Amino acid sequence: MTKLFDMMKRFLRVVWNYHNLLIIILTPLLLLPLPLVIQGKVSECSFVLCVMAVYWLTEALPLAATALLPALLFPLFGIMKSSQVAGVYFKDFHLLLIGVICLATSIEKWGLHRRISLRLVSLVGVNPGWLMLGFMNSCAFLSMWVQNTSAVAMVMPIVEAIIQQILNAEGEGEQRQRAMTGTSNLGLELEEQIRNQMKRSTLLQRKHPLRPMYVVQAIGQKIEGRYRTKREHMMCKGLCLSIAYASSIGGISTLTGTSPNLIFSEYIHQFYPECTSVNFGNWIVLCLPISIIALLLSWIWLHWMFIGSDFRVLFRPSGERSERETATARVIEEDYNKLGPTSPQEVVTGVMFILMVALWVFRDPGFMPGWASTFLPQYAGYISDATVALLLGLVFFIMPAHKPSADKHGIKYEAMISWKEFQACMPWEVTLLVGGGFALAEGTQVSGLSSWVANLLSPMGSLPIIATVTIACVLVTSVTELASNAATITIFLPILAPLAETIRVNPLYILIPTTLCTSFAFLLPSSNPSNAIVFAYGHLTTMDMVKAGIGVNVISVLAVLLAVTTWGIPLFDMDTYPDWAPTPPTSNITGW
């Protein structure tokens, strides 16, 4: 019996080692009856959609590699010509993303993100609760303009430095007290701790040579039992989780803040070209209040979970600081002073950032004539947000970062950013993933699959519209915990848009809330890169993230539903079926 059990164990281990390969091979084989037995363009396109959905959900293939399947399979099935599929892969979205990444590259290169983060944190104070809110605000603000992953990568090292300073300060305080009472030798203990830490870090680095040093240090501290009290450990957990969640909540505020927002915007412009209400200004009017509400309620939830339910300490006089708060204030002040005076490069980056946002907001604000129609009336509709992003993005490659200086090689010239620096920040995987999503959406339209699915789901039209929207939001929020945000919205947009047309509901009423909810992946470290970065520092367990994430998920979804049913209705005319949406067909498609 023991031998049989061992054989089964070895077999399962081998299967697990090759599970990605098995998924890649078995998925199309199991789905082959769709195109072979049930013939037709709808079944063939559904085969491609199902295969891509499984690959995206399991990540058996890299996301970008899966996104190339429409370019291969649509021509083979006769759904679209190869040249047609290729033309769908590069859209206005990609030009917008390039301009935004140029700005993000300059922000990161010249350290403007550190100045913004430290200044915002210092303004709110050093009490653990206020500190959490300060970091959430700074990370959310950065996520509005750069990718969520980049925002977390920028802010988390600052948070970790403050955490270590707090831990060291409290440890030194305890040791100092013991030394004063004669129960320990402070100098010898500190020396022994440093020696043990160096030994552990060296051993861990040998075992995990590819692991970043900060992860090794964090794991080493965790093994040593660095947290002297449960309260201390809970505070570290709360600070880390607040950064991950704030990046996702802040990112929804702008059209350029997250990949799902950009994918949604491009989908609307591609399939509803006459829809002009989706622009940067309207989006920020709708979504910025959502972010503020969700951010504040999430802060209260995390404070209650990890710091305590006594909120009166937040309003304690500033003169009654604990040793922890004094140490935190010291490290924030030291880090900010190390930045020195604001550099000319930071000023230029900040000015370009403000100019880009202003041009986006006032290009076609809706409540007044935009600058595009005022100064270029003969080219109305030609200029988009991508035009603005590209214009200012290219300026970063042209504008000199320093005054020209001469050396033995001649006059030296350095631009604000270089192409290599841009390439390092550019998420090329996202560009392919989004292109594959557009190709898949186009294929579902051409083949008739989207109409077939919409008719299949038409009984949902008998439900109140708020119930339909809630079901869609809960569904995408659940799926996005297991799949990437971009992949989730790419799968659901071609399904939900025809559904809205079939039940004669404004497509924006369903598509906007589901797009926003796609960004609410809070439960697992693998749900999105922001969660993974925070988890890698070693202060959290998966169960910590699950417990906290459930509450933040509920808060965020409810905030979205509140917005779309109140100020969202008059902002986008959601209560009427628009002229720019096609009239639903009178006859239903009942077969393949």
Side-chain angles (χ1 to χ4, degrees), residues 107-108 111-167 169 214 218 232-253 257 291-292 294-308 311 313-314 324-325 327-336 338-339 522 528-540 544-545 548-549 552 555-556:
I107 290 175
E108 187 171 355
L112 183 60
H113 62 287
R114 292 184 60 83
R115 189 174 298 277
I116 293 172
S117 299
L118 291 172
R119 176 51 62 194
L120 286 175
V121 169
S122 63
L123 287 176
V124 298
V126 293
N127 176 279
W130 291 125
L131 192 66
M132 178 187 288
L133 181 62
F135 276 121
M136 290 179 77
N137 287 335
S138 61
C139 191
F141 178 76
L142 289 174
S143 294
M144 292 170 64
W145 316 108
V146 302
Q147 291 291 312
N148 298 351
T149 308
S150 300
V152 172
M154 293 172 184
V155 176
M156 194 59 206
I158 304 173
V159 176
E160 179 66 11
I162 290 174
I163 287 175
Q164 295 309 320
Q165 187 69 19
I166 292 172
L167 299 181
Y214 65 79
E232 185 180 276
H233 192 187
M234 295 292 280
M235 182 201 66
C236 295
K237 291 179 180 181
L239 285 175
C240 292
L241 285 173
S242 67
I243 299 304
Y245 296 160
S247 68
S248 297
I249 293 172
I252 68 171
S253 301
S291 289
I292 294 173
L295 203 68
L296 287 175
L297 293 179
S298 297
W299 170 63
I300 294 172
W301 166 254
L302 293 174
H303 190 290
W304 177 78
M305 281 196 69
F306 296 103
I307 297 179
F311 290 90
V313 297
L314 296 172
R324 169 194 292 165
E325 293 169 357
T328 304
R330 183 172 66 250
V331 72
I332 292 175
E333 184 179 359
E334 289 174 355
D335 283 352
Y336 189 81
K338 287 177 185 177
L339 297 177
F522 301 132
N528 61 51
S530 299
N531 293 4
I533 291 173
V534 168
F535 189 81
Y537 277 80
H539 300 290
L540 299 165
D544 293 328
M545 193 166 281
V552 180
I555 289 169
S556 302

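Scope of the values below: all heavy atoms of this structure, side chains included, with no hydrogens, waters or symmetry mates. All of these numbers come straight from a predicted model, not from anything done at the bench.
Listed by chain and residue number, Y245, F520 satisfy the ring pair (Phe, Tyr, Trp, His ring centres under 6.0 Å) test with F522 (two or more places apart in sequence, or in another chain). With sequence neighbours excluded, the residues forming a side chain to side chain contact (heavy atoms under 4.5 Å, CB included) with S143 are C139, N148, A151, S247, listed by chain and number. Partners of L296 according to the side chain to side chain contact (heavy atoms under 4.5 Å, CB included) rule, which considers only residues two or more places apart in sequence or in another chain, are L133, I292. For S242, the side chain to side chain contact (heavy atoms under 4.5 Å, CB included) partners two or more places apart in sequence, or in a different chain, are M132, M136, L302. The side-chain hydrogen bond (donor to acceptor under 3.5 Å, both in side chains) check on S253 picks up S291, with sequence neighbours excluded.
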Steps toward side chain to side chain contact (heavy atoms under 4.5 Å, CB included) verdict (I300, I555): CA-CA 11 Å; I300 294 172; I555 289 169; over 6 Å; no
Using the side chain to side chain contact (heavy atoms under 4.5 Å, CB included) rule, take W130 and W299 through it: C-alpha gap first, then chi angles, then the decisive distance, then the call. CA-CA 10 Å; W130 291 125; W299 170 63; 4.1 Å; yes
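Between the CE atom of M305 and the OG atom of S298 there is a distance of 12.0 Å, given to the nearest 0.5 Å. Considering CZ of F141 and CG of N137, their distance stands at 10.5 Å, rounded to 0.5 Å. With rounding to the nearest 0.5 Å, the separation of CD1 in I243 from OG in S248 is 11.5 Å. For the atom pair CE of M234 and CD1 of I307, the computed distance is 9.5 Å after rounding to the nearest 0.5 Å.
Contact annotation: the side chain of V552 approaches that of I249 to within less than 4.5 Å [non-hydrogen atoms, C-beta and beyond].
Considering all non-hydrogen atoms of both residues, H233 and H539 come closest at NE2-O, 3.2 Å. Counting all heavy atoms, side chain and backbone alike, V534 lies closest to L241 at CG1-N, 4.3 Å.
Within the structure, salt bridge (Lys or Arg N to Asp or Glu O under 4.0 Å) contacts touching residues 132-147 (residues at least two apart or in different chains) do not occur.
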